[in-house]
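Numbering of ligands and ligand atoms starts at 1, following listing order. Just the heavy atoms: all of them, side chains too, but no hydrogens, waters or symmetry mates, feed the values below. These numbers come from a predicted model, not from an experiment.
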Amino acid sequence: MRPACTAREVEVGNIVVRKFIFCVTDNVSDWDKVVIAYEPVWAIGTGKTATPDQAQEVHARLRQWLSENVSPAVASSVRIQYGGSVNAKNCRELAEKEDVDGFLVGGASLKPEFVTIVNARK
Ligand SMILES: O=C(CO)COP(=O)(O)O
């Protein structure tokens, strides 16, 4: 069973995401060269993964924010990847989410299961 994050962990994540996106969008001149990664701090290397719904919620909010503050075209074309304890068991469910465009994989990239993660959308 997947360990869930606490409400505090989710709240801290949202604040960090907000500060980050304001800082970055002010300094981007070519959005074709940008890939956004959402990596909850509490999920990196911990074995705790955001649920697919949690990841989708943050990714969708990022896309919505980009649509309103940059442009709808950028919002729909920019890749938003999820990172944080992605493995062969959780990658398919995460990949099914509309706004999860790929993964940043740490520990699992060193194991044979990485092939399953690479093919998660197939
Ligand atoms: O930081 C990461 C990739 O950049 C994620 O690492 P893990 O997949 O080991 O949690």
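To the nearest 0.5 Å, atoms OG (S109) and CG (L104) are separated by 10.0 Å.
Considering each of S109, P40, S85, the one bringing a non-hydrogen atom nearest atom 7 (P) of ligand 1 is S85.
Under the side-chain hydrogen bond (donor to acceptor under 3.5 Å, both in side chains) rule, D99 has a single partner from Q56, Q64, H59, which is Q56.
Between the side chains of Q81 and D101, not a single donor N or O lies within less than 3.5 Å of an accepting N or O.
Backbone and side-chain nitrogen or oxygen atoms of I44 are examined, and none is located within less than 3.5 angstrom of a nitrogen or oxygen of ligand 1. Ligand 1 has a nitrogen or oxygen under 3.5 angstrom from a nitrogen or oxygen of E39. An N or O contact shorter than 3.5 Å links G106 to ligand 1 by distance.
Counting all heavy atoms, side chain and backbone alike, R63 lies closest to V78 at NH1-O, 3.0 Å.
In this structure, E68 places its CD atom where more than 12 heavy-atom neighbours from other residues, nucleotides or ligands lie under 6.0 Å away.
Near G107, meaning under 4.0 Å from any of its heavy atoms, are these atoms of ligand 1: 7 (P), 8 (O), 9 (O). Interface of G84 with ligand 1, defined as ligand atoms under 4.0 Å from a residue heavy atom, comprises 10 (O).
Using a non-hydrogen distance threshold of 4.0 Å, G45 registers as a contact of ligand 1. Using a 4.0 Å heavy-atom cutoff, A43 is listed among the residues neighbouring ligand 1. Within the 4.0 Å heavy-atom cutoff, A108 does not count among the residues contacting ligand 1.
Transitive grouping of hydrophobic side chains (ILVMFWY, heavy atoms separated by less than 4.5 Å) brings V105 and V118 into a common cluster.
Using bins of under 30°, 30° to 60° and over 60° for the plane-to-plane angle, the ring pair Y82/F103 lands in the perpendicular bin.
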